[in-house]
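First up is the structure itself, then whatever we jot down about it.
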There are 2 protein chains.
Amino acid sequence: MTMAKQIDDADVFLATVDMLLANGYAGATTKMIAEAAGINEVTLFRKYGSKAELVAAALLHERAALEKEQPVAYTGNVEADLLAMVRIYAEAAHRQSALMLLIIAEVARYPELRETMQVPFMLISRFGKIVARYQEEGRLHSGEPLLVVGALLGPVIVNTMLRSAETSLPIPPIDLRIHIERFLHGYAIR
Amino acid sequence: MTMAKQIDDADVFLATVDMLLANGYAGATTKMIAEAAGINEVTLFRKYGSKAELVAAALLHERAALEKEQPVAYTGNVEADLLAMVRIYAEAAHRQSALMLLIIAEVARYPELRETMQVPFMLISRFGKIVARYQEEGRLHSGEPLLVVGALLGPVIVNTMLRSAETSLPIPPIDLRIHIERFLHGYAIR
DNA sequence: TTTTTTTGCAAGTAATCACTTGCATTTTAG
DNA sequence: CTAAAATGCAAGTGATTACTTGCAAAAAAA
């Protein structure tokens with residue numbers, strides 16, 4: 001006898017992740033989350049047990065949403081595939097990128113949340129497989145695929161980070177096409 | 001009448017930054033910091049006013065230490081200079097790198113600490129000038145120097161981040177020489 | 001030495017946080 | 001309709017936090 005719920009988990013999880021991104025783990029209070037989700041704070045504890053469990057559930061839900069996304073597939077066109085990866089990261093998975101930063105910087109300190117850390121790393125590991133295939137075909141230089149993915153995404157991630165930090169430095173947005181061109185053929189002239 | 005101090009500010013600042021890196025801003029309690037610095041918690045408030053002021057002072061002190069470091073200079077050898085930048089970042093300024101992550105991810109949320117954010121960005125802006133010079137000489141492709149620095153450091157930063165997060169992914173350390181080689185001449189074969 | 005300043009210690013304050021309890025109300029299931 | 005489950009509301013608990021106060025000891029300055 002499963003009972004229909006008046007409260008939509010998805011709404012609560014969305015509010016939870018929003019508050020996490022905006023205020024961090026310590027800064028996202030259960031009171032705030034409840035308010036943002038439009039439910040009573042007590043209900044939060046009755047349904048999810050504790051703040052840590054709620055956050056873990058919300059992150060896992062975020063992963064489930066990511067799994068349904070258009071996966072980047074191998075097409076045989078290196079340039080197009082790399083661009084697609086970087087685009088996914090820079091646009092569609094912008095939220096994931098911010099989440100990854102949050103998780104690495106903060107959530108890692110909370111042992112009870114350790115297992116949820118893998119969530120944003122799925123993308124990276126998926127990209128690694130495509131890179132590996134192009135390496136086997138002799139289209140990309142060899143080397144640990146995860147390092148190559150890091151080199152591909154690193155500039156984009158760092159650009160996002162720096163720009164979101166609103167530093168005094170005037171950092172322009174990265175041009176993904178140019179980035180791929182330079183990634184493939186280098187920054188050196190000649 | 002300047003009075004000699006029994007308590008060394010440097011010790012306190014070191015303990016403060018250590019605690020920040022290990023536990024984050026919210027997680028680094030004044031009690032912990034005092035304990036790590038070997039002084040009384042009350043002294044912390046008497047000398048530095050508030051936690052925010054203490055953290056700000058500690059971060060500014062960290063910047064002062066960075067300023068005394070061997071600056072990366074223009075030598076005319078692109079490859080060597082780029083490698084030196086990346087080395088500084090990956091080794092000597094490892095702590096700075098972690099600090100930057102912490103500051104971007106967490107400190108940015110505390111308005112009273114906003115001005116201390118520029119601290120780790122000094123390096124980046126310094127690197128930008130060297131890159132700009134090589135661009136003027138026609139040795140590197142043109143483009144906003146700060147973006148080029150981002151592309152240079154991005155893979156290293158992301159590698160450090162991912163490895164420090166102890167993910168389930170087996171991410172090897174990055175080889176800086178190879179990274180520079182790929183940065184200059186690209187990942188494409190042919 | 002005498003005075004001033006710095007530090008430590010014990011205790012406490014007010015706020016906040018995650019989390020709980022009891023009870024009334026609404027919603028859903030049978 | 002009736003019973004059970006889900007939710008809201010008000011109040012409270014205990015722990016923790018940044019920060020304060022008063023006073024004595026120690027160190028430095030004069």
Side-chain angles (χ1 to χ4, degrees), chain A residues 1-59 61 102 106-107 109-114 116, chain B residues 1-59 61 102 106-107 109-114 116:
Chain A
M1 53 177 86
T2 50
M3 42 256 148
K5 284 168 190 163
Q6 195 177 8
I7 288 179
D8 189 356
D9 278 342
D11 290 345
V12 178
F13 293 154
L14 182 68
T16 303
V17 174
D18 281 348
M19 288 302 148
L20 278 179
L21 289 177
N23 307 97
Y25 182 70
T29 69
T30 51
K31 187 177 175 181
M32 285 173 48
I33 295 173
E35 219 161 272
I39 66 172
N40 196 279
E41 190 188 355
V42 182
T43 307
L44 230 51
F45 289 95
R46 279 199 276 241
K47 283 178 70 85
Y48 308 104
S50 68
K51 178 177 172 178
E53 284 170 282
L54 168 63
V55 169
L59 291 181
H61 179 261
L102 174 88
E106 230 187 326
V107 172
R109 280 193 276 269
Y110 300 86
E112 67 269 31
L113 297 179
R114 267 287 156 85
T116 69
Chain B
M1 52 177 90
T2 47
M3 41 261 148
K5 283 169 190 162
Q6 194 178 8
I7 288 179
D8 189 357
D9 279 342
D11 291 344
V12 179
F13 293 155
L14 182 68
T16 303
V17 174
D18 281 347
M19 289 300 148
L20 279 179
L21 288 177
N23 307 97
Y25 182 70
T29 70
T30 51
K31 187 178 176 181
M32 285 173 46
I33 295 174
E35 219 161 273
I39 67 172
N40 195 281
E41 190 187 356
V42 182
T43 307
L44 230 50
F45 289 96
R46 278 199 278 240
K47 283 178 71 87
Y48 309 103
S50 67
K51 178 177 173 178
E53 284 171 282
L54 168 63
V55 169
L59 291 180
H61 179 261
L102 174 89
E106 229 188 328
V107 171
R109 281 193 274 270
Y110 301 85
E112 68 268 30
L113 297 178
R114 266 290 156 85
T116 70

Closest heavy-atom pair and its distance - Ala34(A), Asn40(A)
CB-C, 3.9 Å
Can you check whether Asp9(B)'s main-chain N or O pairs, donor with acceptor, with Lys47(B)'s side chain at less than 3.5 Å?
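Judged by distance alone, no pair lies under 3.5 Å.
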Whole Å only: how far is the [atom1] atom of [X] from the [atom2] atom of [N]?
X	N	atom1	atom2	result
Asn23(B)	dT16(D)	CG	C1'	15 Å
Arg46(B)	dT6(C)	CZ	P	10 Å
Glu41(B)	dG12(C)	CD	P	16 Å
Leu44(B)	dC9(C)	CG	C1'	15 Å
Lys51(B)	dA15(C)	NZ	P	19 Å
Ile39(B)	dA27(D)	CD1	C1'	16 Å
Tyr25(B)	dA18(D)	OH	C1'	10 Å
Glu35(B)	dT17(D)	CD	C1'	15 Å

Please tell me which of the listed nucleotides, dC9(D), dA18(C), dC9(C), lies nearest to the side chain of Val42(B)?
dC9(C)
Yes or no on side chain to side chain contact (heavy atoms under 4.5 Å, CB included) for Leu54(B) and Val12(B), after CA distance, side-chain angles and deciding distance?
CA-CA 9 Å; Leu54(B) 168 63; Val12(B) 179; 4.0 Å; yes
So, is [X] close to the [N] phosphate, meaning a side-chain N or O under 4.0 Å from OP1 or OP2?
X	N	value
Asn40(B)	dT7(C)	no
Lys47(B)	dT7(C)	yes
Thr43(B)	dT7(C)	no

Sequence neighbours left out, what passes side chain to side chain donor-acceptor pair (under 3.5 Å) with Glu53(A)? Give chain and number order.
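Result, side chain to side chain donor-acceptor pair (under 3.5 Å) vs Glu53(A): Ser50(A).
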